[in-house]
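A quick note: this is a predicted structure, and the numbers were derived from the prediction, not measured. So that the names make sense, note that chain A is the first sequence line, chain B the second, and so on, each numbered from 1.
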Amino acid sequence: MNLTRVRTRVAPSPTGDPHVGTAYVALVNYCFARQHGGEFVLRIEDTDAARSTAESERVILAALHWCGLTWDEGPDVGGPFGPYRQSERSSIYASYAAKLLASGDAFKCFCTPERLEEMRVAQRAAGKPPRYDGQCLTYSAQEIARREAAGEPYVVRLRVPDEGVCVVNDLRRGPIEFEYTSVDMQVLIKSDGMPTYHLANVVDDHLMEITHVFRGEEWVSSAPKHLLLYSYFGWQPPELLHLPLLRNPDKSKLSKRKNPTGILFFRAMGYLPEALVNFLALLADPARDGEDEMLDLPAIVRRFDPQHVPIGGPVFDLAKLDWLNGRYIRERLDPTSFVQRVQEWAVSPERLKRVAQLAAPRIERLSDLGPLLAFLFSGRLALTTQSFESTKLDALSIRQALSLSVAEFDKLAAWNAVEIERVIGRIAAALDKKARDVARPFYVAITGSPTSIPLYDSMQLLGRDLVRERLRNAIDLLGAPSKRELQEWEALLARHEVAV
RNA sequence: GGCGCCAUCGUCUAUCGGUUAGGACAUCGCCCUUUCAAGGCGGAAAGACGGGUUCGAUUCCCGUUGGCGCUACCA
């Protein structure tokens, strides 16, 4: 439809562990670019300075590479449109914000969070859409200068028309209409001087000459703001297609609290990257009648058609992934490559060395290794309520400790034995128990036995995702806490934290 | 609450007004087989509801219901 080269991108935010949704979106963008002989760009959206970490970025890139995806431009490989990390592009956004300010398409806003909150509460009560009321638009130039001189913090907001409709053209959904009165005057530059996603993404997509944007459905409602920015700048917006959000079996948005969502989980569980990618591809462009569903990446690229992307939110069907993965194992791996895969997965020299150090002091015969280390090579463990009877803790404390740990582990920036130990220690203190007694049920949940090789190292070795999965499994077995219980327990932990 | 998206077997989906509503996973049965898988064959299983439009609606339109997303100085 246009003569320019196709360029797509995926723009993960490095604020946590790599998510299958990211791989899904990346795959679609990758396919489209490859199919058209264009470029696929990886850009890091780290404008949230408080939550972004270099470690998360590193792990996300590694996870996407594990999936077999490659990009032509990105923070790790460079490219002609760099830098590819938004935190390194601040001055660019500032200059574009200044343009909008100058043209009157954006304005400085000095409103306090409290006033904004009150405003929204009132709007909701009145049945109106939440939207900035324009107070700071009424200030004179002198007033604005005075406030600025007085050192009042301010943000830059997008000016949105008070009437008319914005039409967002989605490649699959067709035109979607939004009344401008329901579009909020979004913050473009935060008071810390950093841009928000909205500004950064539009500026970058334009400067990086992105022609097609395949992104998650959660962006549909902010598309009008983006389109407004394109028009204020006088730029041509890219083609848009919003991909459906992957779902839990209960149809809610796929979340790690309810399901495995981490790419690392699938790797730890022994899924082959080809199978995972194949499965995600089927979600983006299902097989036709009679077509073999086992497709390698080149085939996926060849057959991909944006018009085939289903727009209902698909449930992430683990059973089907299992079937596909099984097929890859038995149909695509000869004995040699099978051995190679197993080595990569479980017994890489580095991993084996660490395991050896932990296990060697605890065995008398090499054959003791089997039962001792089986948990490191397993997915879900077959536990029963009896498994927890050997622990000194009462049933309630066990449930409390396990449940609290899930949330606390998710808050950890780094996943290592030291941090893990600290969490368990804090929970033990809050429950007024000995750390060793609190650790015992964790041994059972994680290793399947009250005695094993050191727990915290084992947890680090297994990875956060698999640990979360086993903890959830144990909690379900012992009785998942009600919302109220969980709140009480978290309050207990929080109180103790304050006291210390 | 407001705005928006979506709606076919349990799950992923096909159908571009007329089909015995097709395929895949899961499930059930049979066959093969020293076990278990795998494999082969077969079965059961679906158009949310109510109005229109039409000779004819799963398909087009409207409403209801339901699910989901957004509703931040997060992305």
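Rounded to whole angstrom, the span from the CD atom of A:Glu217 across to the P atom of B:rC5 amounts to 10 Å. In this structure, A:Arg173 places its CZ atom 10 Å from C1' of B:rG69, rounding to the nearest Å. Between the CG atom of A:Asp192 and the P atom of B:rA72 there is a distance of 18 Å, given to the nearest Å. For the pair A:Asn201 CG and B:rA75 C1', the interatomic distance rounds to 10 Å; values are reported in whole Å. Rounded to whole Å, atom P of B:rC25 lies 14 Å from atom CD of A:Glu291. One can place OH of A:Tyr197 at 17 Å from P of B:rA72, the figure rounded to the nearest angstrom.
Residue A:Arg330 places at least one side-chain N or O closer than 4.0 Å to OP1 or OP2 of B:rG39. In this model, the phosphate group of B:rC70 is approached by a side-chain N or O of A:Lys253 to a distance below 4.0 Å at OP1 or OP2. At B:rC73, none of the side-chain N or O atoms of A:Lys108 fall inside 4.0 Å of OP1 or OP2 (strictly under the cut-off). The shortest distance between the side-chain N/O atoms of A:Arg131 and the OP1/OP2 oxygens of B:rC70 is not below 4.0 Å.
Here the side chain of A:Pro130 is nearest to one of B:rG1, B:rG22, B:rC3, namely B:rG1. Closest to the A:Thr196 side chain, of the nucleotides B:rC74, B:rA26, B:rC68, is B:rC74. The side chain of A:Pro113 sits closest to B:rC73 out of B:rC73, B:rG22, B:rC25. For A:Ala319, whose side chain is taken as the heavy atoms from C-beta onward, the closest listed nucleotide among B:rA72, B:rA26, B:rA75 is B:rA26. Comparing atom distances between the A:Ser221 side chain and each of B:rG23, B:rC5, B:rG69 picks out B:rG69 as nearest.
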Before you tell me yes or no, could you show the steps for A:Asp285 and A:Arg288 under salt bridge (Lys or Arg N to Asp or Glu O under 4.0 Å), namely the whole-Å CA-CA distance, both residues' side-chain angles and the distance that decides it to 0.1 Å? CA-CA 9 Å; A:Asp285 189 349; A:Arg288 328 302 185 253; 3.2 Å; yes
Margin query: Please determine whether ring-ring contact (aromatic ring centres under 6.0 Å, His included) holds for the pair A:His212 and A:Phe32, giving the CA-CA distance in whole Å, both sets of side-chain angles, and the decisive distance to 0.1 Å.
Written below: CA-CA 9 Å; A:His212 300 256; A:Phe32 194 76; 4.6 Å; yes
Quiz prompt | Stepwise side-chain hydrogen bond (donor to acceptor under 3.5 Å, both in side chains) test for A:His242 and A:Arg215 | solution = CA-CA 5 Å; A:His242 293 91; A:Arg215 63 190 345 177; 3.1 Å; yes
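A salt bridge does not link A:Arg332 to A:Glu274: none of the charged nitrogens lies less than 4.0 Å from a carboxylate oxygen. Classification of A:Glu57 and A:Arg85 as a salt-bridged pair holds, one side-chain N sitting under 4.0 Å from a carboxylate O. Salt bridge annotation for A:Glu73-A:Arg9: absent, with no cationic side-chain nitrogen under 4.0 angstrom from a carboxylate oxygen.
Checking A:Phe178 against A:Glu331, the closest nucleotide of RNA chain B that is more toward the 5' end is the one next to A:Phe178.
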Tabulate protein N/O versus nucleotide N/O from nucleotides 10-13 of chain B, keeping only pairs under 3.5 Å, one per line.
unit_1 : atom_1 : unit_2   : atom_2 : d
B:rC12 : OP1    : A:Lys251 : NZ     : 3.4
B:rC12 : OP1    : A:Val315 : N      : 3.1

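Within 4.0 Å of A:Thr15, counting heavy atoms only, lies no atom of the nucleic acid at all. Residue A:Arg157 is classed as a sugar-phosphate contact, given heavy-atom separations below 4.0 Å to backbone atoms only. Counting non-hydrogen atoms under 4.0 angstrom, A:Arg247 reaches the backbone sugars and phosphates but no base. Using a 4.0 Å heavy-atom distance criterion, A:Ser191 is classed as a base contact. Within 4.0 Å (heavy atoms only), A:Val187 reaches sugar-phosphate atoms of the nucleic acid but no base atom. Heavy atoms of A:Ser252 sit under 4.0 angstrom from primed sugar atoms or phosphate atoms, though from no base atom. When heavy atoms are screened at a 4.0 angstrom cut-off, A:Arg51 is found touching base atoms of the nucleic acid. Across all strands, A:Glu177 comes closer than 4.0 Å only to sugar-phosphate atoms, never to a base (heavy-atom distances).
Searching all strands for a Watson-Crick or G-U wobble partner of B:rU34 with both distances below 3.5 Å returns nothing.
None of A:Arg464, A:Lys256, A:Arg58 except one satisfies the salt bridge (charged side-chain N to carboxylate O under 4.0 Å, His left out) rule with A:Asp17; the exception is A:Arg464.
The P atoms of B:rU15 and B:rA7 are separated by 12 Å, rounded to the nearest whole Å. B:rG51 and B:rU65 have their C1' atoms separated by 14 Å, given to the nearest Å.
A:Glu88 and A:Tyr84 are not linked by any side-chain donor-acceptor pair at a separation below 3.5 angstrom, with hydrogens and angles left out of the test.
Between the CH2 atom in A:Trp345 and the OH atom in A:Tyr271 there is a gap of 12.0 Å [rounded to 0.5 Å].
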